[in-house]
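Remarks on the structure that follows.
Hydrogens, waters and symmetry mates play no part in the numbers below; they use all other heavy atoms, side chains included.
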Amino acid sequence: MQYWIPASLIASLFISGCSLFPEDVVEQSPVDTKPLAELKVPAGLVAAKKPAQFDIPPAPNAPVTEVELKSPMQVLALATNSRVEEEEKEARIWFERSEFTGELLPYLKTNVLDFGKEKQIEITQKDQQGLVFETGWVSRFEEEGFWLWKDMVEKEQSRFLVVFEPKTHGRTVGLRVQLLEHRYIDNDTKLSAIAQRREEVYFLNRLVDKVATVELAQIKQKKAQSRQITLTTGFDAEGNAAMITGQPIDAAWPQLELLFEQNGFVVNDLDRTKYTFFLTYQEPEAGFWDSLWGGEETIQVPLTPGDYQLVLTKSEVGTNLSWRDSAGKILSAEQISALHQTLVQIIKRDSIEL
């Protein structure tokens with residue numbers, strides 16, 4: 001039995017040798033392929049229709065026209081009330097009336113004309129209804145040069161037709177852009193159909209971006225107006241001077257963490273069970289780059305640099321904020337009042353909910 005097992009193993013290796021040593025495999029000769037003959041249709045029958053889109057052109061070496069190695073240009077619905085219809089063949093986008101637009105058509109016209117003023121592009125009304133506008137020459141620039149010798153060089157110019165297409169109910173308005181004229185600065189090359197659409201979509205996207213920017217500013221303004229600052233001064237249950245916010249204690253706690261950032265406060269420790277922050281305050285210094293680029297003005301907190309405690313307690317109207325020094329002594333009413341005025345400025349600037 002003990003001789004039979006090795007013998008069987010050796011025999012199996014010889015049998016499977018072709019798979020163990022691929023270099024010994026005999027190369028197979030290529031299989032000859034013959035084209036299929038055309039299907040012969042018997043007399044009296046009609047041949048089935050054959051789609052032509054898969055046919056190989058008879059002249060494979062013929063030059064191919066309008067080949068661009070660029071990604072396709074798409075209309076970007078950047079505004080919240082904008083949309084692009086499927087299978088759209090032209091450079092067109094649709095806008096819907098929203099709470100920020102009011103009357104939609106005048107709103108879009110104002111944005112388009114304001115865009116022209118900002119970019120110093122002449123936009124002229126071409127019809128009595130005020131639906132068709134024509135632009136002056138819109139320049140495209142490219143950066144040339146090296147390092148300190150870089151410069152923006154004008155490469156091409158285009159003129160566009162801007163058409164508003166309102167629906168009869170007035171709640172939907174289409175905005176379409178059509179290229180009227182194009183020219184290169186250095187040569188007389190003509191645009192292909194693909195490049196022409198690219199120019200139209202690029203200009204349309206710039207108009208949509210203008211509408212989206214104005215809309216975003218309106219949203220921020222409305223949000224700021226709707227946000228109410230409930231932080232006031234008062235007294236806690238023991239009659240000590242404190243700040244009072246209408247926010248519940250679990251909502252005020254994370255908002256205070258946002259208030260400490262970038263305003264000179266450092267959280268050294270915190271006790272979540274007792275709702276206590278252990279802080280160090282030091283007057284923030286404006287950095288070199290902030291002064292160079294005109295960053296936001298730093299708000300000075302009326303506190304002497306040092307260690308402080310901020311204790312939160314629940315109240316009937318929300319949360320009490322008790323400010324104390326490092327020894328646990330509660331700050332005076334005058335200190336609390338001055339600190340409150342400064343914190344309200346920070347809350348408005350940083351959009352903190354307190």
>> Quick one, K167 with V173, criterion side-chain contact (heavy atoms from CB on, under 4.5 Å). Give me CA distance, side-chain angles, the key distance, then yes/no.
In response: CA-CA 6 Å; K167 298 290 187 180; V173 177; over 6 Å; no

> Passes side-chain contact (heavy atoms from CB on, under 4.5 Å), F265 versus T280? Steps please.
Replying inline: CA-CA 6 Å; F265 291 98; T280 295; over 6 Å; no

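Residues F260 and V267 approach most closely at CD1-CG2, 3.6 Å, considering heavy atoms. Of all the heavy atoms in T230 and G246, the pair that sits closest is OG1-N, 2.9 Å.
Around atom CD of E316, no more than 12 heavy atoms belonging to other residues, nucleotides or ligands sit under 6.0 Å away. Dense packing is recorded around CD of E118, with more than 12 heavy atoms of other residues, nucleotides or ligands lying under 6.0 Å away. In this structure, E143 places its CD atom where more than 12 heavy-atom neighbours from other residues, nucleotides or ligands lie under 6.0 Å away. Enclosure of atom NZ in K155 by more than 12 non-hydrogen atoms of other residues, nucleotides or ligands within 6.0 angstrom is indicated. Counting heavy-atom neighbours within 6.0 Å of E181 CD, excluding the residue itself, gives a total above 12.
Between the T276 side chain and the K274 main chain, a donor and an acceptor come within less than 3.5 Å of each other. At distances below 3.5 Å, not a single donor-acceptor pair connects side-chain atoms of Q129 with backbone N or O atoms of L131. R197 places a side-chain N or O within 3.5 Å of a backbone atom of K89 that can act as its donor or acceptor partner. With hydrogens and angles ignored, the 3.5 Å screen pairs a side-chain donor or acceptor of K109 with a backbone N or O of G130. Put simply, the side chain of Y107 never gets that close to the backbone of F100: no donor and acceptor are under 3.5 Å apart. Within the 3.5 Å criterion, the main-chain N or O of N240 finds no donor-acceptor partner in the side chain of E238. Under the 3.5 Å distance criterion, the side-chain polar atoms of N320 are left unmatched by any main-chain donor or acceptor of D236. A donor-acceptor contact shorter than 3.5 Å links the side chain of R97 to the backbone of G102. The backbone N or O of E96 sits less than 3.5 Å from a side-chain atom of N81, completing a donor-acceptor pair. Without hydrogens or angle criteria, T245 side chain to L231 main chain gives no donor-acceptor distance under 3.5 Å.
Hydrophobic clustering, with ILVMFWY side chains joined whenever heavy atoms are under 4.5 angstrom apart, keeps L216 apart from F95. Under the 4.5 Å side-chain heavy-atom criterion for Ile, Leu, Val, Met, Phe, Trp and Tyr, L303 and V266 are members of distinct hydrophobic clusters. Side-chain heavy atoms closer than 4.5 Å link hydrophobic residues (I, L, V, M, F, W, Y) into clusters, and following such links, possibly through other members, connects I93 to Y202.
Annotation: side chain of F278 is not in contact with side chain of D307 (no heavy-atom distance under 4.5 Å). The shortest side-chain heavy-atom distance between Q74 and N205 does not fall under the 4.5 Å cut-off. No side-chain heavy atom of M243 sits less than 4.5 Å from a side-chain heavy atom of T232. No side-chain heavy atom of E144 sits less than 4.5 Å from a side-chain heavy atom of D151.
Judged purely by distance below 3.5 Å, without hydrogens or angles, the side chains of S139 and E154 pair a donor atom with an acceptor atom.
Salt bridge status for R176 with E200: absent, with no side-chain N to carboxylate O gap under 4.0 Å. Of the charged side-chain nitrogens involved, none lies within less than 4.0 Å of a carboxylate oxygen, so that D250 and K314 do not count as a salt-bridged pair. A salt bridge does not link E85 with R92: none of the charged nitrogens is closer than 4.0 Å to a carboxylate oxygen.
Summarising the geometry, atom CD belonging to E353 is positioned 13.0 Å from atom CG belonging to L259; distances are rounded to the nearest 0.5 Å. A distance of 9.0 Å separates CD in E122 from CD in E134, rounded to the nearest 0.5 Å.
Sorted by first and then second residue, the ring pair (Phe, Tyr, Trp, His ring centres under 6.0 Å) pairs with a member in residues 156-182 read F133-F164, F160-F203, H182-Y184; sequence neighbours excluded.
The side chain to side chain contact (heavy atoms under 4.5 Å, CB included) with Y275 is formed by just one residue from the set L310, V311, L312; it is L312.
With sequence neighbours left out, the side-chain contact (heavy atoms from CB on, under 4.5 Å) criterion links V46 to no other residue.
Figure legend: R183 and W137 shown as a cation-pi pair, the cationic atom lying under 6.0 angstrom from the six-membered ring centre and within 45 degrees of its axis.
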For residues 328-335, which side-chain N or O atoms pair as donor and acceptor with protein atoms under 3.5 Å away, sequence neighbours left out?
| from | atom 1 | to | atom 2 | distance (Å) |
| --- | --- | --- | --- | --- |
| S332 | OG | Q335 | N | 3.3 |
| S332 | OG | Q335 | OE1 | 3.2 |
| Q335 | OE1 | S332 | N | 3.0 |

